[in-house]
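Since the structure comes first, as structure tokens, the remarks are kept for the end.
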Amino acid sequence: MPSNDARNLLQTAVPTAAVGVIAVAAGGVVAGGKGALGAGVGVVLAIVFMGIGLYVLQWTAKTLPHLFQAMGLMLYVAQLLLLLIFVGLFRDTTLFSAKAFALSLVVATVVWMAAQARAHMKAKLFYVDPDSQEREKSQKAGSAT
């Protein structure tokens, strides 16, 4: 993974994990062990889904840049559908607290998206590749000789 991609992942996953620790603690205080487990499952699910999405979008941007916008839209729709299926499957579970799960899932997703937006705004990405301009100049100079 290139350093910029790893930096972007780190700047999004760390705040989400920190909020996840707080959510697990709050779920444990409010609803006991089942609340902590539900909050933990929600946070882990959000980190995994959003992390896979970030990886897929970065891969698409590098290999198929013309499909980036469509892939982003399709990816977010797919993530929402998968989360809806997961929530539907565990709707009546007694394994963990569904309220703690849902709340931590939403909070972790919002924190991930906010951190991702912040990381993108702070990234110093070139709009123009400076190396390509130097290559063009050297190619023109070489052909004129």
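Using a 4.5 Å cut-off between side-chain heavy atoms of Ile, Leu, Val, Met, Phe, Trp and Tyr, with links allowed through other members, V56 and V77 fall into different hydrophobic clusters. Hydrophobic clustering keeps L84 apart from M113 (ILVMFWY residues linked when any side-chain heavy atoms are closer than 4.5 Å, directly or through intermediates). Taking hydrophobic clusters as Ile, Leu, Val, Met, Phe, Trp and Tyr residues chained together by side-chain heavy-atom distances below 4.5 Å, I47 does not share a cluster with L103. Linking ILVMFWY side-chain heavy atoms closer than 4.5 Å, directly or via other members, places V48 and L81 in two distinct hydrophobic clusters. Under the 4.5 Å side-chain heavy-atom criterion for Ile, Leu, Val, Met, Phe, Trp and Tyr, V21 and L10 are members of distinct hydrophobic clusters.
For the atom pair Q58 CD and F68 CZ, the distance stands at 8.5 Å (nearest 0.5 Å). Taken from CE in M50 to OG1 in T12, the straight-line distance is 8.5 Å, to the nearest 0.5 Å. The line from OH of Y55 to OG1 of T60 is 10.0 Å long, rounded to the nearest 0.5 Å. The CG atom of L57 sits 9.0 Å away from the CE atom of M74 when rounded to the nearest 0.5 Å. The CG atom of L80 sits 11.0 Å away from atom CD1 of I85, with the distance rounded to the nearest 0.5 Å. Here the CG atom belonging to L75 is positioned 9.5 Å from the CG atom belonging to L82, to the nearest 0.5 angstrom.
Each of L83, T109, L105, L54 was evaluated against F49; a single residue qualifies, L83, per the side chain to side chain contact (heavy atoms under 4.5 Å, CB included) test.
Contact between L95 and K34 at its shortest, heavy atoms only, is O-CG, 3.9 Å. In terms of heavy atoms, S104 sits closest to G42 at OG-CA, 3.6 Å. A115 approaches Q11 most closely through the heavy-atom pair CB-O, 3.6 Å.
With sequence neighbours excluded, the residues satisfying side chain to side chain contact (heavy atoms under 4.5 Å, CB included) with V111 are P15, T16, V19, V107. Partners of F86 under the side chain to side chain contact (heavy atoms under 4.5 Å, CB included) rule, at least two apart in sequence or in another chain, are V41, L45, F90, F101.
Using a 4.5 Å heavy-atom threshold, the side chains of L64 and H66 count as touching.
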